[in-house]
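Written below as structure tokens is the structure these notes are about.
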2 protein chains.
Amino acid sequence: MDHFLSSVRNSCRLLKIFLDAPKELGVTELSKRLQLSKGAVHKLLATLEAEGFIRQNEKTRQYTLGYTLLELGNKVLKNHDIVDFAAPYINRLVSRTQELVVLCVQDVTDAIYVTKVDSPHPIRFTVETHRRFPLYSTSASRVLLAYKPESFQDEVLAEGIRTYTPYSFTSADEIKLALREIRERGYEFSSDRRNVGVTGMAAPLFDSTGEVAASVSVIGPSDRVLPQKDAILRELLETVREMSAELGYRP
Amino acid sequence: MDHFLSSVRNSCRLLKIFLDAPKELGVTELSKRLQLSKGAVHKLLATLEAEGFIRQNEKTRQYTLGYTLLELGNKVLKNHDIVDFAAPYINRLVSRTQELVVLCVQDVTDAIYVTKVDSPHPIRFTVETHRRFPLYSTSASRVLLAYKPESFQDEVLAEGIRTYTPYSFTSADEIKLALREIRERGYEFSSDRRNVGVTGMAAPLFDSTGEVAASVSVIGPSDRVLPQKDAILRELLETVREMSAELGYRP
DNA sequence: CAAATTGTTCACGAATAGAAAACATCGTTT
DNA sequence: AAACGATGTTTTCTATTCGTGAACAATTTG
């Protein structure tokens, strides 16, 4: 059927424009980006403002995202019981490895880091949480993709492959080979794919149904991580084994 | 004019229902709460899901808030330069007072704690951040209200006054007297109004235009805070004075 | 296994969303 | 200071589409 509500879709897209834009935008700019008339955009903004999803700066007359989105975003995290569940394990893993640990979940064809705990080292690699990125792009997210049906993998990879470094995967075949290796080994280990000089190891969390619920990843500067590869990997795999057992997974 | 886009308004209200509801809701339940037909709600949900604002649980067939809201909520905070600006001052204030410190901003007729740093004490009072509450209800938010025009204060108080404890303000007159005292003293000091056994002190942050940009509040168990009232107050007032100066405020 | 309740689809008439243009309100330029 | 150009705002109007109500399908429940 695919008959969506056009004005609702427009309002969603309007809000998402702000994700990759300056914090304030005007009616004219938004109408260009949405390919809608100024009048239509104005009505969208007025409605969204009345509901707290958009705020207008009284001085500049331009528009920003409203606080209701902050409330809703917070609720998304609170709904996510795996976040609270994982917190103690992640803290322990950070103190044992002394490197960044992240918890990664899937959303449709993307992935999101929902939790991170930074390395205590003064020199450290860190990531942005709560922001979408492609499933094929990081060690943590590739683990999620690896256990999905091949048809879904193809679908994701057909959307196009973005490269980040000279060492990023460039073809679907290359990535699918990597995914097969992940399933065989039970974890991912890779360097320089997303950031040069950075190495990550990631392993899946299984729930009671045998599905991959999330992934845990230890990431850090290669010169610090590579010499300790075996020790870190042992800690990571032991942690996800414990967590999966706690989630009711019976291998 | 007041001609809003009805389906956009419906979609906003649909999302906000989730703020005070179980994490998953069905079409029927939502249609009751929105007073819309099931078909209309279904179309809303389908559109919101296609944009990532809603997610459907494949097993239960029920709906939850989607990850795009997490991204947008995160962006709201990133847009807010006062959050980063305030962070070091707030940390310093916590280490000097050993109590919870919060940063509070106004949103229309509500207030929101945008930042908090908890007390290091094992026994401590804490608050929920990123969640709306009435401007008259806490010391931090009353400070924001105190410096607004009287017409706006009346408007807010006319919406009704909710009480939280036997010591909460119960009438508009009572609150307006308290607001006058805040302006005279330059800070708020109160106990048991929002939580019994809890005392808070709050002071305003002025920006270069002389407007109140936010408020900073030190809050803790009365039996620990009251004996140190003068010392804490001195630290608080010194901190907000420094911060306001840094923001370009010239008294 | 029937009954009830859920999410989903469909068809249609009333309501309105969106385009286009005129208007108002700034800041800038001449 | 006046004219300009840009912005956000309002208005008018019709093709579009939104929302209803009922039928459908797919569960769960008694």
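Chain letters run A, B, ... following the sequence lines, proteins first, then strands; residues in each count from 1. Just so it is clear, the values below take in all heavy atoms, side chains as well, and ignore hydrogens, waters and symmetry mates.
Ion pairing between B:K16 and A:E71 fails under the 4.0 Å rule for side-chain N and carboxylate O.
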Close N or O pairs between protein and nucleotides 20-30 of chain D (under 3.5 Å):
unit_1, atom_1, unit_2, atom_2, d
D:dT20, OP2, B:S37, N, 2.8
D:dT20, OP2, B:S37, OG, 2.8

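For A:Q62, no side-chain nitrogen or oxygen approaches OP1 or OP2 of D:dT9 to under 4.0 Å. A sub-4.0 Å separation between OP1 or OP2 of C:dA17 and a side-chain N or O of B:S6 is present. Taking only side-chain nitrogens and oxygens, B:H42 comes nearer than 4.0 Å to OP1 or OP2 of C:dT8. Not one side-chain nitrogen or oxygen of A:Y63 sits closer than 4.0 Å to the OP1 or OP2 atom of D:dT7.
Summarising the geometry, the separation between CG on A:L30 and P on C:dG18 is reported as 15 Å, rounded to the nearest angstrom. Atom CD1 of A:I54 and atom P of D:dT9 are 12 Å apart (whole Å). Put simply, CG on B:N10 is 13 Å from C1' on C:dA15, counting in whole angstrom units. Atom CZ in B:R9 sits about 15 Å away from atom P in D:dC18, given to the nearest Å. Atom CZ in A:R13 sits roughly 12 Å away from atom P in C:dG18 (whole-Å rounding). In this entry the distance linking CZ of A:F4 with P of C:dC10 reads 13 Å, nearest Å. Regarding A:L44, its CG atom lies at a distance of 13 Å from the P atom of D:dT9, rounded to whole Å. Rounded to an integer number of Å, the gap from CG of B:L5 to P of C:dA15 is 17 Å.
Contact annotation: the side chain of A:L72 approaches that of A:F53 to within less than 4.5 Å [non-hydrogen atoms, C-beta and beyond].
Put simply, the side chain of A:T47 gets close to the backbone of B:L5: a donor and an acceptor are under 3.5 Å apart.
Every residue two or more places apart in sequence or in another chain was checked for a ring pair (Phe, Tyr, Trp, His ring centres under 6.0 Å) with A:F18, and none qualifies. Every residue meeting the side-chain contact (heavy atoms from CB on, under 4.5 Å) condition with B:R162, not counting sequence neighbours, appears here in chain and number order: B:Y136, B:Y164. Residues passing the side-chain hydrogen bond (donor to acceptor under 3.5 Å, both in side chains) test with B:E181, sequence neighbours excluded: none. B:R183 pairs by the side-chain contact (heavy atoms from CB on, under 4.5 Å) definition with B:A146, B:Y147, B:Q153, B:L179, B:R180, not counting sequence neighbours. For the side-chain hydrogen bond (donor to acceptor under 3.5 Å, both in side chains) test, no residue two or more places apart in sequence or in another chain qualifies with A:H130. When the side-chain hydrogen bond (donor to acceptor under 3.5 Å, both in side chains) test is applied to A:E128, the partners found at least two apart in sequence or on another chain are B:K78.
Identified under the salt bridge (charged side-chain N to carboxylate O under 4.0 Å, His left out) test for residues 204-217 of chain A, with sequence neighbours left out: none.
Taken residue by residue, residues 15-28 of chain B places heavy atoms nearer than 4.0 Å to DNA chain C at B:G26, B:V27, B:T28.
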Side-chain donor-acceptor distances from residues 58-65 of chain B under 3.5 Å, at least two apart:
unit_1, atom_1, unit_2, atom_2, d
B:T60, OG1, B:E24, OE1, 3.0
B:T60, OG1, B:Q62, N, 3.2
B:Y63, OH, B:Q56, NE2, 3.2

Identify all side-chain donor-acceptor contacts of residues 244-251 of chain B below 3.5 Å with residues at least two apart in sequence or on another chain.
unit_1, atom_1, unit_2, atom_2, d
B:S244, OG, B:F206, N, 3.0
B:S244, OG, B:V240, O, 3.0

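Relative to the axis of its first five pairs, the axis of the last five pairs of the helix from C:dG7-D:dC24 to C:dT30-D:dA1 sits at 50°, rounded to 10 degrees.
Residue contacts shown for A:E29 are absent, as no nucleic acid heavy atom lies under 4.0 Å away.
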